[in-house]
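Each chain gets a letter, A, B and so on, in the order its sequence line appears, and its residues count up from 1. Quick note: numbers below take in every heavy atom, side chains included, and nothing from hydrogens, waters or symmetry partners.
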Protein chains: 2
Amino acid sequence: MANQPITSYSTAPEVDALVNDLIGRVADKWTLLVLEQLEEGGEQRFGALARAVPGISQKMLTQTLRAMERDGLVIRTVHPVIPPHVDYRLTTLGHSLGEAFCGVWHWAEANLAAVQRSRSAFDARD
Amino acid sequence: MANQPITSYSTAPEVDALVNDLIGRVADKWTLLVLEQLEEGGEQRFGALARAVPGISQKMLTQTLRAMERDGLVIRTVHPVIPPHVDYRLTTLGHSLGEAFCGVWHWAEANLAAVQRSRSAFDARD
DNA sequence: GCCATTTCTAACCTTTTGGTGGGTATGGTT
DNA sequence: AACCATACCCACCAAAAGGTTAGAAATGGC
């Protein structure tokens with residue numbers, strides 16, 4: 001960890017590709033919503049998430065949570081009781097991703113109106 | 001524009017939805033790659049972009065650039081000559097989006113290894 | 001004994017996405 | 001006269017994403 005440039009911006013092309021893939025994976029619509037919900041709601045169970053995230057199907061929630069768990073973003077805790085009880089919470093990594101997305105989030109909030117204006121203008125020209 | 005909280009974090013649910021949609025739109029794989037290429041290469045024409053963005057099809061490039069133009073992220077300049085000559089460059093808005101994505105970009109770069117480790121561990125357990 | 005509960009899987013089917021190949025315009029080159 | 005170059009558009013097809021439904025599994029309450 002000694003003699004390297006601080007943050008090599010766009011290092012090797014294959015690393016670039018991996019980074020792009022990772023962003024693509026992680027910038028998924030449902031992942032974003034689940035991430036947000038876990039950030040503001042803390043640890044919660046499957047059913048709560050399903051209710052909190054508007055419009056998600058059970059299948060997508062399961063799928064999204066599995067992928068997030070695989071990527072090390074959430075921890076899944078199974079309490080072996082009947083009926084099943086499963087909790088999900090963010091890891092440090094997951095939390096740091098949430099913070100990284102703040103910039104985009106703020107951008108979207110701050111520029112939503114501008115984008116909408118641009119769209120109207122675009123759609124209005126013949 | 002007078003009496004509101006500075007930056008209402010997650011204001012109304014319908015604004016939330018719009019912001020989410022916008023992020024979803026903008027966090028698209030091809031949009032990200034084109035954005036990156038336009039950031040580092042500056043203004044350039046269609047063919048150059050097609051060559052620079054690895055693996056993009058003509059259709060996707062056209063589609064992506066159109067969407068970005070509609071959202072006010074790029075400006076499309078047509079030089080009415082034969083054969084056609086069209087230049088694309090980022091707007092201020094587009095550039096600011098690029099900066100907003102830096103956080104995610106850095107996160108992905110910094111945590112790529114951690115994610116890969118997590119995946120291996122996940123896949124290895126029976 | 002039967003039903004409700006909770007999470008998750010598997011089947012099926014629809015919608016969306018994206019690639020390919022063909023077509024268009026037009027003036028300069030061969 | 002045929003052809004090339006450039007930036008598209010359009011029609012078609014394959015693949016992937018995602019919704020819906022059914023059901024498994026185990027057990028405490030009726």
Side-chain angles (χ1 to χ4, degrees), chain A residues 17 20-35 37-38 41 43-71 73-89 122-123 125-126, chain B residues 17 20-35 37-38 41 43-71 73-89 122-123 125-126:
Chain A
N20 273 321
D21 278 2
L22 180 53
I23 292 182
R25 160 67 262 292
V26 123
D28 167 72
K29 171 188 178 185
W30 295 129
T31 303
L32 245 25
L33 292 174
V34 168
L35 188 68
Q37 177 57 29
L38 283 174
E43 183 173 50
Q44 54 204 294
R45 52 195 298 195
F46 186 87
L49 283 171
R51 259 168 276 120
V53 177
I56 197 170
S57 70
Q58 214 184 45
K59 176 183 174 179
M60 275 300 102
L61 183 52
T62 304
Q63 215 168 93
T64 303
L65 286 169
R66 276 288 185 291
M68 292 176 77
E69 189 195 2
R70 187 171 110 96
D71 288 348
L73 303 176
V74 303
I75 288 177
R76 177 168 175 268
T77 315
V78 181
H79 301 102
V81 294
I82 299 296
H85 181 133
V86 183
D87 286 318
Y88 293 91
R89 72 186 146 86
F122 186 92
D123 295 345
R125 71 197 209 198
D126 64 342
Chain B
N20 273 321
D21 278 2
L22 179 54
I23 293 182
R25 159 69 261 293
V26 124
D28 167 72
K29 171 189 179 186
W30 295 129
T31 303
L32 246 24
L33 291 175
V34 169
L35 188 68
Q37 177 57 29
L38 283 174
E43 182 174 51
Q44 52 204 296
R45 50 195 301 194
F46 188 88
L49 283 170
R51 259 168 275 119
V53 177
I56 196 169
S57 70
Q58 214 183 45
K59 176 182 174 179
M60 275 300 102
L61 183 52
T62 304
Q63 213 169 93
T64 303
L65 286 169
R66 277 287 184 289
M68 291 176 79
E69 189 195 1
R70 188 171 109 95
D71 288 349
L73 302 176
V74 303
I75 288 178
R76 178 168 175 267
T77 314
V78 180
H79 300 102
V81 295
I82 300 292
H85 181 133
V86 184
D87 285 318
Y88 294 90
R89 74 185 146 87
F122 185 93
D123 295 344
R125 72 198 210 197
D126 66 340

5'-most by nearest nucleotide on DNA chain D - A:Pro83 or A:Asp28:
A:Asp28
Please determine, by modelled atom types, if A:Thr31 and A:Arg25 share a side-chain donor-acceptor pair under 3.5 angstrom.
yes
Which whole-number value in Å describes the distance from [X] [atom1] to [N] [atom2]?
{"X": "A:Gln63", "N": "C:dT7", "atom1": "CD", "atom2": "P", "answer": "18 Å"}
{"X": "A:His85", "N": "D:dG28", "atom1": "NE2", "atom2": "P", "answer": "17 Å"}
{"X": "B:His79", "N": "C:dG27", "atom1": "NE2", "atom2": "P", "answer": "18 Å"}
{"X": "A:Leu61", "N": "D:dA17", "atom1": "CG", "atom2": "P", "answer": "18 Å"}
{"X": "A:Leu65", "N": "C:dC8", "atom1": "CG", "atom2": "P", "answer": "8 Å"}
{"X": "B:Leu49", "N": "D:dC8", "atom1": "CG", "atom2": "P", "answer": "10 Å"}
{"X": "B:Asp87", "N": "D:dC8", "atom1": "CG", "atom2": "P", "answer": "11 Å"}

Please work out which of the three classes, parallel, tilted or perpendicular, describes the rings of A:Tyr88 and A:Phe46, given edges at 30° and 60°.
tilted
Between [X] and [N], is there a side-chain N or O to OP1/OP2 distance below 4.0 Å?
{"X": "A:Arg76", "N": "C:dT7", "value": "no"}
{"X": "B:Arg45", "N": "D:dT6", "value": "no"}
{"X": "A:Tyr88", "N": "C:dT7", "value": "no"}

N/O contacts under 3.5 Å, protein versus nucleotides 19-22 of chain D?
{"unit_1": "D:dG19", "atom_1": "OP2", "unit_2": "A:Ser57", "atom_2": "OG", "d": "3.0"}
{"unit_1": "D:dG19", "atom_1": "N7", "unit_2": "A:Lys59", "atom_2": "NZ", "d": "3.2"}
{"unit_1": "D:dG19", "atom_1": "O6", "unit_2": "A:Lys59", "atom_2": "NZ", "d": "2.2"}

Could you tell me whether the side chain of A:Glu43 reaches within less than 4.5 Å of the side chain of A:Thr77, counting heavy atoms only?
yes
Choosing from D:dA26, D:dC8, C:dT6, which nucleotide comes nearest the side chain of A:Ile82?
D:dA26
Distance from B:Leu33 atom CG to B:Leu49 atom CG, nearest 0.5 Å?
11.0 Å
Report the residue (A:Pro84 or A:Arg66) whose heavy-atom-nearest nucleotide on DNA chain C is the more 5′ of the two.
A:Pro84
For the side chain of B:Gln44 and the backbone of B:Gln37, is there at least one donor-acceptor N/O pair under 3.5 Å apart?
yes
Would you check if the side chain of B:Asp71 reaches a backbone N or O of B:Leu73 as a donor-acceptor pair within less than 3.5 Å?
no
Where do A:Val74 and A:Leu65 come nearest, in terms of heavy atoms and distance?
CG2-O, 3.9 Å
